[in-house]
Amino acid sequence: MAKYILQRTGYMIITLLIVTSLTFFLMKLIPGSPFNNFEKLSDVQRGILLDKYGLNEPLPVQYFNYMRNLVKGDLGISFQFDNTPVTELIANRIGPSAQLGLQAMIVGAIIGIFLGVIAALKQNTWIDYGSTFIAVVGKSVPSFIFAGLLQYYISVKLHLLPVMLWKGPEYTILPTIALAMFPISIAARFMRTEMIEVLGSDYITLARAKGASRWQISLKHALRNALIPVVTVLGPLAVSLMTGSLVIEQIFGIPGLGEQFVKSINMNDYPVIMGTNILFAVLFVVVILIVDILYGIIDPRIRISGGKTK
Amino acid sequence: MKKSKLSLLLVLSLVLSMFLAACSGGTKNEGKKTDEGKKNAGTEETTLADEQVLNVLETAEIPSMDSVMSQDVLSFTMLNATNEGLYRLDPDQKVIPGVAEGAPTYNDDKTVITIKLKQDTKWSNGDPVTAHDFVFAWQRAIDPKVAAPYGAYFMEGKIKNASEIVAGKAKLDDLGIKALDDYTVEITLVRALPYIESYLTFPLFYPQNKKFVEAEGANYAKDATHLLYNGPFKMTKWDGPTGTEWVLEKNADYVNAKDVTLEKINFNVSKDPQASANAYTAGEADITGKLAQAAILSQFEGQKDLLRYQEPSIWWLKMNEKNKALKNVNIRKAIALSVDKKALTEDVLANGSIPADFLVPKGFSFLDGKDFRDTAGTYLSTNKEEAKKLWEKGLKETGLKEVKFTYVGQDTETSKLTDAFVKDQLEKNLPGLKITVEAVPFKIRIAREDAQDYDLLMGGWGPDYADPMTYMDLWVTGGGQNHMDYGNPEFDKLIKSASEELVAKPQDRWKALQDAEKILLEDDAAIAPLYQRSVNLLINPKVQGFAHHAFGPDYSYQWIKITK
């Protein structure tokens with residue numbers, strides 16, 4: 001196991017190196033300058049700014065400078081937010097995004113898996129159709145519509161919850177529900193399909209023949225196996241939820257990372273683009289590793305045997 | 001079997017009900033809060049409310065609170081609220097003394113300005129605000145080592161030796177600002193500037209406390225605790241440029257503190273216009289950020305909550321004369337005359353914007369109390385018949401039958417609507433014209449403009465100072481903002497005389513600028529002006545004395561009173 005993780009870590013570093021390098025050069029292909037009002041400045045004035053931030057250097061030199069600083073943990077300083085280190089910017093913004101993402105993920109996974117399981121158990125009944133309906137709606141209606149509707153009816157019309165901002169637990173409820181719709185639908189759909197397939201398999205028939213109760217079969221034998229594909233999907237989904245949703249963060253005025261990331265690309269804020277991208281990449285590779293390890297726990301048949309063959 | 005089924009359902013329903021209970025628990029409290037807020041709103045009296053607290057939504061974070069480094073309207077607005085320069089703008093856009101004691105005195109050719117300072121203005125750390133603080137801030141703004149983005153742009157060609165310092169040919173001490181004594185500033189200009197007094201209200205020219213700034217070093221302006229204030233308000237909470245909420249409180253040490261009624265302003269960032277409107281409706285905000293979307297505005301049309309005014313922001317179609325067809329004046333005129341500007345502003349934008357048959361906006365620049373616009377003409381009013389004739393004439397002259405243009409627009413909602421409308425108008429009215437719209441992000445639009453990589457381009461301009469020149473000198477031959485190969489020696493001559501020999505004769509200078517505008521639009525149709533933009537925001541009718549400005553900071557909060 002330790003050897004396996006070590007080997008995977010090696011691959012992860014290579015993956016990150018490729019992602020970082022690609023992002024760096026692709027980002028530099030975006031036309032325009034990272035400075036505001038750059039178009040108003042004379043050539044001498046532009047030169048002074050470019051020199052200050054090392055943007056006058058040839059691209060390979062800029063790349064090596066960046067990588068050298070990256071190794072030291074220095075992600076540079078944001079262009080848009082005067083004098084703010086990128087690490088500080090990310091640290092200030094990741095909290096609300098992660099909390100919201102986690103809440104939405106937990107709510108989404110619980111409700112989604114529940115819906116999926118009962119839909120599979122009550123296949124072709126109104127429960128099944130109802131759960132499928134929720135899943136389809138959750139998947140196809142964009143989250144800003146839910147967010148807008150929730151905000152309008154719950155907060156503006158009924159005054160039940162605050163309209164927006166991020167100042168306490170009650171402020172997190174509406175954005176969590178709005179953001180959870182997508183994981184609900186994903187989990188429910190996958191869960192239903194997998195459950196139906198697993199319930200039809202031979203070993204379930206055998207368990208039934210042996211006289212095990214239906215609920216025992218469903219929960220003990222079927223659910224565990226059916227969870228594997230769901231975990232595969234939900235892992236990376238959790239990362240993308242926790243790194244911030246542009247739409248939900250904008251509508252509810254949440255000081256998260258999602259909106260920041262999109263803005264940094266629009267504004268050519270190179271250090272912020274790089275910083276957030278590296279963060280996302282790290283989170284993704286780590287979560288994928290965790291998912292792989294989880295397989296073994298959920299289904300003992302999947303054994304991690306990376307080192308053995310060598 | 002049945003038992004286990006039931007227990008599972010029981011557990012699940014318990015979990016769900018716990019979740020729901022958690023929801024409704026929070027909701028009850030909220031409901032109470034908003035009800036109380038509503039009651040207060042109901043009683044209308046002109047007396048002051050007990051609580052002078054304002055809740056404001058802004059559309060962005062504050063990028064910088066360093067007056068030398070800032071370069072955006074929100075930063076300017078917050079600096080204007082917490083600091084004071086030599087002069088400031090009053091609610092009627094008149095220049096009133098700030099740290100300056102009174103109006104400046106000039107030498108004969110108006111290039112040397114002497115300004116006496118008030119002796120009782122204080123920084124929030126107790127230090128007096130002196131002439132040296134101005135000298136320090138100005139030198140910092142032009143220092144190539146500091147590389148202040150707006151410093152050189154605002155000073156070069158205006159303040160003596162600014163260009164030389166930027167080019168490395170002069171020392172910082174040579175800059176045209178001197179402290180004659182602790183409370184007298186002497187400013188030397190390259191040449192007389194008719195608009196110098198309003199120019200000096202700009203945050204770039206604010207004072208900075210040398211001792212404090214140097215002691216803080218890289219930490220200066222990092223957050224609310226690493227700043228000094230000498231204005232109507234102090235910033236008591238701000239986590240720095242990434243902060244999405246900040247708080248201003250009345251500055252008891254402000255020299256005019258007795259005129260400031262407002263005790264506290266809470267700012268929060270809301271980037272979604274509909275959400276801002278919702279927060280306003282629910283009573284969670286007294287003032288929203290700017291709202292431009294017709295769909296949102298229509299919900300408030302005719303209500304006293306909606307504040308609408310024209311800002312000096314002009315939107316136009318640039319025509320790149322690198323393109324052979326656009327080199328032809330008749331083709332340019334045909335394009336400029338083809339767009340139904342009335343339909344554009346009333347039906348497409350539907351936010352109070354007005355058709356622009358001019359370049360210098362309405363309600364922006366005044367001479368002896370008269371608006372520049374009222375004494376100048378209107379040009380390039382929509383005339384589709386005339387446009388068709390000119391189009392055919394132009395095609396004949398250039399020998400073209402079909403014309404294809406690349407139209408660069410922006411990827412914002414408003415821009416996309418506008419661009420689709422303009423494309424439709426032009427293609428329908430001008431036979432043989434094909435337009436490809438490319439909707440790009442702002443930065444890319446600027447880059448395309450800079451590289452002259454477009455045929456038609458939707459752009460706009462807001463003023464840098466309160467004088468028509470801020471719109472006019474953009475178009476001189478080879479000018480830094482021209483980017484469309486336009487050039488007319490006659491126009492250049494008028495601009496040159498308006499900036500040089502006519503400076504001492506305001507009436508003649510005004511006339512020269514108006515003649516130049518006529519040449520640019522009526523004779524040459526160098527650009528096709530489309531509309532002057534309106535600002536729309538929601539403001540609680542209880543809030544009195546909210547002042548908005550035409551350039552520099554957007555608003556002033558110091559005259560606000562909250563009534564019952």
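To find a chain, count down the sequence lines: A is the first, B the second, and so on, and within it residues start at 1. Worth knowing before you read on, the calculation uses all heavy atoms, side chains too, and leaves out hydrogens, waters and symmetry mates.
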Under 4.5 Å from any heavy atom of chain A, what part of [X] do you find: side chain, backbone, both or neither?
X: B/Asp464; result: side chain
X: B/Gln481; result: side chain
X: B/Val269; result: backbone
X: B/Asp450; result: side chain
X: B/Tyr220; result: backbone
X: B/Glu449; result: neither

* Salt bridge present between B/Glu284 and A/Lys167 (N-O < 4.0 angstrom) ->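 A salt bridge is absent here (no side-chain N lies under 4.0 Å from a carboxylate O).
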
* Asked: Salt bridge between B/Asp239 and A/Arg93, side-chain N to carboxylate O under 4.0 Å?
  ->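 Looking at B/Asp239 and A/Arg93, the cut-off is not met.
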
Heavy-atom pairs under 4.5 Å with chain B: which of [options] has the most?
options: A/Gly47, A/Pro255, A/Gly253; answer: A/Pro255
options: A/Glu88, A/Arg46, A/Gln151; answer: A/Gln151
options: A/Thr84, A/Asn268, A/Leu165, A/Leu89; answer: A/Leu165

* Show your reasoning for whether side chain to side chain contact (heavy atoms under 4.5 Å, CB included) applies to A/Lys263 and B/Glu61. => CA-CA 12 Å; A/Lys263 188 183 167 197; B/Glu61 299 89 347; 3.9 Å; yes

* To do: Just give me the residue among B/Thr244, B/Asn219, B/Ile62 that pairs up with chain A most often, heavy atom to heavy atom, under 4.5 Å.
  =>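 Between B/Thr244, B/Asn219, B/Ile62, the count favours B/Thr244.
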
* If you count heavy-atom pairs under 4.5 Å between each of B/Gln71, B/Met69, B/Met65, B/Lys222 and chain A, which one has the most? ->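 Between B/Gln71, B/Met69, B/Met65, B/Lys222, the count favours B/Gln71.
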
Smallest separation among heavy atoms of [X] and [Y], with atom names:
X: B/Lys443; Y: A/Met267; value: CE-O, 3.5 Å
X: B/Ala282; Y: A/Ser155; value: CB-O, 4.4 Å
X: B/Ala279; Y: A/Val163; value: N-CG1, 3.6 Å

Rounded distance (nearest 0.5 Å) linking atom [atom1] of [X] with atom [atom2] of [Y]:
X: A/Ile251; Y: B/Ser270; atom1: CD1; atom2: OG; answer: 10.0 Å
X: A/Phe252; Y: B/Asp272; atom1: CZ; atom2: CG; answer: 9.5 Å
X: A/Asn266; Y: B/Asp411; atom1: CG; atom2: CG; answer: 6.0 Å

Check each atom of [X] against the heavy atoms of chain B and say whether the ones under 4.5 Å are side chain, backbone, both or neither.
X: A/Asn92; answer: side chain
X: A/Glu259; answer: side chain
X: A/Ile30; answer: side chain
X: A/Pro34; answer: backbone

* Crowded around A/Lys157 NZ? As in, over 12 foreign heavy atoms under 6.0 Å? ->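 Check fails, neighbour count at 12 or below.
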
* Asked: Just wondering, are more than 12 heavy atoms of other shown residues or ligands nearer than 6.0 Å to CD in A/Gln123?
  ->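 Yes, CD of A/Gln123 has more than 12 neighbouring heavy atoms, counting only those of other groups under 6.0 Å.
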
* Compare all side-chain heavy atoms of B/Asn278 with those of A/Tyr152 and state whether any distance is below 4.5 angstrom. =>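 The answer is yes; the side chains approach within 4.5 Å.
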
